[in-house]
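Written below as structure tokens is the structure these notes are about.
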Amino acid sequence: MPFVTTLTFTSGDRHRLEDIVTEIKESAEQKGVELKGPHPKQPQELRVPQSKSLGPSGGRFESWTHTVYTRTIEIVGYEEFARNVTQRTFPNAIHVEAGVEQRTQVGSGS
């Protein structure tokens, strides 16, 4: 039963995010690692209201908007490669979440 490591990368800097994900994908290809993805998700548009003053009668500035981009990669097996990727130091603009799941193969009877 292989372990599948799911890595989710999020960032407001789409270009830096693409560079990091591409670098991981190329490294996996060089080492013969089974990697699925990157799978892009629909960008999330965040809006933050901004008050002109702290009082209740203060007006508002135009809302601040920020787009968040997400890419997901699955590493099937190859726990050492997955461990090396998750232990890397990523730029502050990149947020990484990792999840590990043990999957049974179809027809294995487990």
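Just so it is clear, the values below take in all heavy atoms, side chains as well, and ignore hydrogens, waters and symmetry mates. Everything quoted here is computed from the prediction, not taken from an experiment.
Atom NE2 in His95 sits 9.5 Å away from atom OG1 in Thr70 (nearest 0.5 Å). For the atom pair Leu46 CG and Thr67 OG1, the distance stands at 8.0 Å (nearest 0.5 Å). For the atom pair Leu35 CG and Ile73 CD1, the distance stands at 5.5 Å (nearest 0.5 Å).
Residues Pro91 and Ile20 have side chains in contact (heavy-atom distance under 4.5 Å, counting atoms from C-beta outward). Using a 4.5 Å heavy-atom cutoff, the side chains of Tyr69 and Pro43 are in contact. In this structure the side chain of Lys36 reaches within 4.5 angstrom of the side chain of Val76, judged on heavy atoms. In this structure, the side chains of Lys25 and Arg71 stay at 4.5 Å or more apart for every pair of heavy atoms.
By the 6.0 Å contact criterion, CD on Glu62 is open, its count of non-hydrogen atoms from other residues, nucleotides or ligands being 12 or less.
Looking only at distances, a side-chain donor or acceptor of Tyr78 sits under 3.5 Å from a matching main-chain atom of Gly32.
The shortest non-hydrogen separation linking Phe9 to Ile24 is CZ-CD1, 3.5 Å. The shortest heavy-atom contact between Ser11 and Ala93 is OG-O, 2.7 Å. Closest heavy-atom contact between Ala82 and Thr5: CB-OG1, 3.5 Å. For the pair His66 and Val68, the tightest heavy-atom approach, listed with the atom from each and the gap, is CD2-CG2, 3.8 Å. Across every non-hydrogen atom of Thr10 and Leu17, the tightest pair is N-CD1, 4.3 Å.
Lys31 and Glu80 are not joined by a salt bridge, as no carboxylate oxygen comes within less than 4.0 angstrom of a charged side-chain nitrogen.
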Exercise for review: Could you walk me through whether Val96 and Thr86 pass side chain to side chain contact (heavy atoms under 4.5 Å, CB included), step by step?
Suggested key: CA-CA 8 Å; Val96 183; Thr86 58; 5.7 Å; no

Practice item. Tell me, with the steps shown, if Thr72 and Lys41 meet side chain to side chain contact (heavy atoms under 4.5 Å, CB included). Key: CA-CA 8 Å; Thr72 303; Lys41 291 186 180 179; 3.8 Å; yes

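Cluster membership check: Val85 does not share its hydrophobic cluster with Val4, using side-chain heavy-atom separations under 4.5 Å among Ile, Leu, Val, Met, Phe, Trp and Tyr.
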